[in-house]
Number of protein chains: 2
Amino acid sequence: MKKNVTIKHIAEYAGVSFSTVAKALRNDPVVNEKTRVKIHYIAREFNYYPNILAKGLRSKKTKTIGIILNDIQSPFYSEIYKVIGDVLNKQGYTMILCDSSFDLELEKKNITTMISQGVEGIIISSVSEKSDNIQIILDYDLKTVFIDNIPEFSNINYVYVNHEEAASLAVEHLIENGHRDILLLNGPEGLSSSQHFLKGYMEKLRASGIEIKNELIRFIGISVEESLDTLKNIFFGKDSITKKDFTAIMTLSDVIAIGIYEAAQQLQFAIPDDYSVIGYDNILATKYLAPPLTTIHQPKKRTGLYSINLLLEQINNDSKELKKIILSPELIVRGSVKKINRC
Amino acid sequence: MKKNVTIKHIAEYAGVSFSTVAKALRNDPVVNEKTRVKIHYIAREFNYYPNILAKGLRSKKTKTIGIILNDIQSPFYSEIYKVIGDVLNKQGYTMILCDSSFDLELEKKNITTMISQGVEGIIISSVSEKSDNIQIILDYDLKTVFIDNIPEFSNINYVYVNHEEAASLAVEHLIENGHRDILLLNGPEGLSSSQHFLKGYMEKLRASGIEIKNELIRFIGISVEESLDTLKNIFFGKDSITKKDFTAIMTLSDVIAIGIYEAAQQLQFAIPDDYSVIGYDNILATKYLAPPLTTIHQPKKRTGLYSINLLLEQINNDSKELKKIILSPELIVRGSVKKINRC
DNA sequence: TTGTAAGCGTTATCAA
DNA sequence: TTGATAACGCTTACAA
């Protein structure tokens, strides 16, 4: 790495003191117009890059914010942080992105790293709703917006899409189409989204007078593979239920739903003729699947926008005011649910 | 933000000097085992988070690396930086992610920000192959691995998937299936990937004795929308060509191909009966589209893995050795190409 | 309008 | 084995 050009070098060359350079570079009106211009010119000539570390160390302004998610590859999250990144870029902030992979230890490491890095704030989709990790954030008084779940702490900002309502919407649509035995391919059991989703599933079923069967509720990782494996086991008789025990499948994520499409190919069943399927998230590709996936839309762009605006507002106004935003999901009817007549 | 706990606070409480604390925290064997343990204990009690800014300022080791891409939301890139992030996390590095949106000015800003942030190295998919931006990187002697294109500078590390070969593979497959009039929905004209891809397209056509028609070559943004718009214009007679002028479409990206699927829905044509389609990248969802998309696979995981390993190697060994890796794409035949008999 | 000096939280060197 | 001190590059009073 080449030795860095600092304000001292510029000062020396310009024949002024380094604090004058500092002021000139910040366009402090106190400095003479001529010297200001000259110093800017020299800085440019010398390829001067201000050292954010030094700046941050002194002023506590690092112009950096952290994003901590459980799966940065997921199209769901990437749509969210895309808009966050755009806003940040416009405001001169940089974004540190971390993946917790649904792991509390990793999440803890990510949080402490963020603190060590001196971020001005974070947006986090936490692994759990009441872990010690959240306490770390609270203790440190780190400016934070939670997304995708609602931690069980009152003094917290969040932007949340109502997963319970989403599950309710899905169950309702399935029931309207004659389904009663609905296999739920949920996310990991420890994940709060899974719990909210489960709650919506159960309550809607109960409200409709349909018996809840525990064997139809599965907690799996959010991936094509785990979804596929689950169905394989069922089809190959390695499971407590058989392929006759349900007529519809709903999932916590479109990615899991895609796993069902893969299973359909491998196990030779038809969607929606053999099983109706409803996903969740409404990621880009779902519209073009065969058949187009009926799913529950999450307002991802708004989640991103609201969360970053909330965070920036807190940072800029040093505000302590709590903001809680709950967004509603929306049913998108396409072609993966079929009306059936029960005997 | 709460006032930070520093080694000075710990030192005071422990009744030792702060430099002893520093050594103890780094497990320097020179310090007495008892004091070492005591200091670690206190640090933990006090919620001490080492200040990376100060550390970086002093030691030049920020444990941070930067990733600069043209579209962080793209499933293609996200698969790449997912593996990069995993490796980084394991090694105690953090990742700054920036989006250049195919814009040279934004890219420049991203690069200078990275430098200002004191990253130890960057992985970049540059907008162009010979911009001043690359010169900035070279001038600063910033440790860098280029991906997804090959800048026209000799002293550079890269991991590149041969786009020319990819286009060639696509054209070949189309020709084998009887197609001669192949609409190319390429990326932005200024993008080097587009140029490589174009070259492969043209050379394969030429080698096969097929006339190259310039009207069949289109440079568009990599998005569903622009792809859709292009086809709409053609269908609505707002273009120099008509819908009869081609029998197949190939694209620089699966995302563009998805735009064709959208167009098929809106404009009521059938894939592959009316048009054969070949994509590029092989992103997750393509396998489940209707019909499953025939595409050219890019080894994304390997691109990520090789590039981060290359970079880390450079950083850790302070090596100046140049490494150039070229990976080969691979044709994935699925259902979106149909054999036709020309009259 | 410009310069001086202290300090941010570390690391690293040298002395005790 | 521990402590004092300078330095990293910047911001920010305060003095000139």
Side-chain angles (χ1 to χ4, degrees), chain A residues 1-40 42-43 46-64 112-113 115-120 140, chain B residues 1-40 42-43 46-64 112-113 115-120 140:
Chain A
M1 209 76 61
K2 210 170 262 185
K3 61 194 174 314
N4 293 334
V5 176
T6 72
I7 50 174
K8 285 189 185 167
H9 299 128
I10 298 176
E12 191 178 0
Y13 190 84
V16 296
S17 82
F18 75 90
S19 75
T20 301
V21 173
K23 285 168 199 148
L25 255 17
R26 261 180 306 133
N27 292 317
D28 192 322
V30 84
V31 352
N32 179 300
E33 178 65 10
K34 265 191 184 160
T35 44
R36 216 211 57 183
V37 171
K38 183 171 83 176
I39 285 167
H40 271 275
I42 296 174
F46 278 24
N47 285 326
Y48 167 73
Y49 303 105
N51 183 323
I52 295 189
L53 301 184
K55 192 180 289 200
L57 182 58
R58 182 61 231 248
S59 69
K60 306 287 166 214
K61 296 251 157 265
T62 54
K63 283 292 189 179
T64 302
T112 55
T113 302
I115 294 176
S116 276
Q117 289 277 0
V119 298
E120 295 185 26
Y140 194 79
Chain B
M1 209 75 61
K2 209 170 262 183
K3 61 193 175 314
N4 292 334
V5 177
T6 71
I7 50 175
K8 287 188 183 168
H9 299 128
I10 298 177
E12 192 177 0
Y13 190 84
V16 296
S17 82
F18 78 89
S19 71
T20 300
V21 173
K23 283 169 201 146
L25 255 18
R26 264 182 301 132
N27 292 319
D28 191 322
V30 82
V31 352
N32 181 299
E33 178 65 10
K34 265 190 182 162
T35 43
R36 216 211 58 182
V37 171
K38 184 171 81 174
I39 286 167
H40 271 275
I42 297 174
F46 278 24
N47 286 326
Y48 167 73
Y49 303 105
N51 184 322
I52 295 190
L53 301 184
K55 191 180 289 201
L57 180 58
R58 184 59 232 247
S59 69
K60 305 288 166 213
K61 296 252 156 263
T62 54
K63 283 291 188 179
T64 302
T112 56
T113 302
I115 293 176
S116 276
Q117 289 277 2
V119 299
E120 295 185 26
Y140 194 79

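Convention: sequence-line order gives letters A, B, ...; per-chain numbering from 1. Everything quoted here is computed from the prediction, not taken from an experiment.
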Using the closest heavy atom to pick a nucleotide of DNA chain D for each, name whichever of Pro29(B) or Thr6(A) lands nearer the 5' end. Pro29(B)
Going by heavy atoms in the side chains, are Glu120(B) and Lys61(B) under 4.5 Å from each other? yes
In terms of side-chain heavy atoms, does Thr64(B) have a donor or acceptor partner in Gln117(A) at a distance below 3.5 Å? yes
Whole angstrom is fine here: how far is it from CD in Glu33(B) over to P in dT1(D)? 10 Å
Look at all strands and tell whether Val30(B) reaches a base, only sugar-phosphate, or nothing, counting heavy atoms closer than 4.0 Å. base
Sorted by position of nearest nucleotide on DNA chain D, 5' first, the leading residue of Thr35(B) and Leu57(B) is Thr35(B)
What about Arg58(A): does its side chain form a donor-acceptor pair under 3.5 Å with the base of dT11(D)? yes
Backbone of Pro50(B) reached by a side-chain donor or acceptor of Ser116(A) within 3.5 Å: yes
Quick one: is Ser59(B) getting a side-chain N or O under 4.0 Å of the dT11(C) phosphate, OP1 or OP2? no
Selected nucleotide, minimal atom distance to Ile7(B) side chain, candidates dT2(D), dT11(D), dT10(C): dT10(C)
List the atom of Ala24(B), the atom of Val31(B), and the distance in Å for their closest heavy-atom pair. N-CG1, 3.8 Å
Counting N and O atoms only, with roles assigned by atom type, does the side chain of Asn4(B) sit under 3.5 Å from a partner on the main chain of Thr6(B), one being a donor and the other an acceptor? no
Of all heavy-atom pairs linking Thr62(A) and Val119(A), the shortest is OG1-CA, 3.9 Å
I'd like to check Val5(B) versus Asn47(B) (side-chain heavy atoms, cut-off strictly below 4.5 Å). Are they in contact? no
Using a cut-off of less than 4.0 Å, is there contact between a side-chain N or O of Tyr48(B) and OP1 or OP2 of dT10(C)? yes
Value in whole Å for how far the P atom of dG9(D) lies from CD of Gln117(B): 16 Å
It should be established whether Lys55(A) places a side-chain nitrogen or oxygen under 4.0 Å from OP1 or OP2 of nucleotide dG9(C). no
Give the rounded distance in Å between these two atoms: NZ of Lys61(B) and P of dA7(D). 22 Å
Can you sort out which residues in residues 19-27 of chain B have a heavy atom within less than 4.0 Å of DNA chain C? Ascending by number, please. Ser19(B), Ala22(B), Arg26(B)
Spacing of Lys8(A) atom NZ relative to dT11(D) atom P, expressed in whole Å: 13 Å
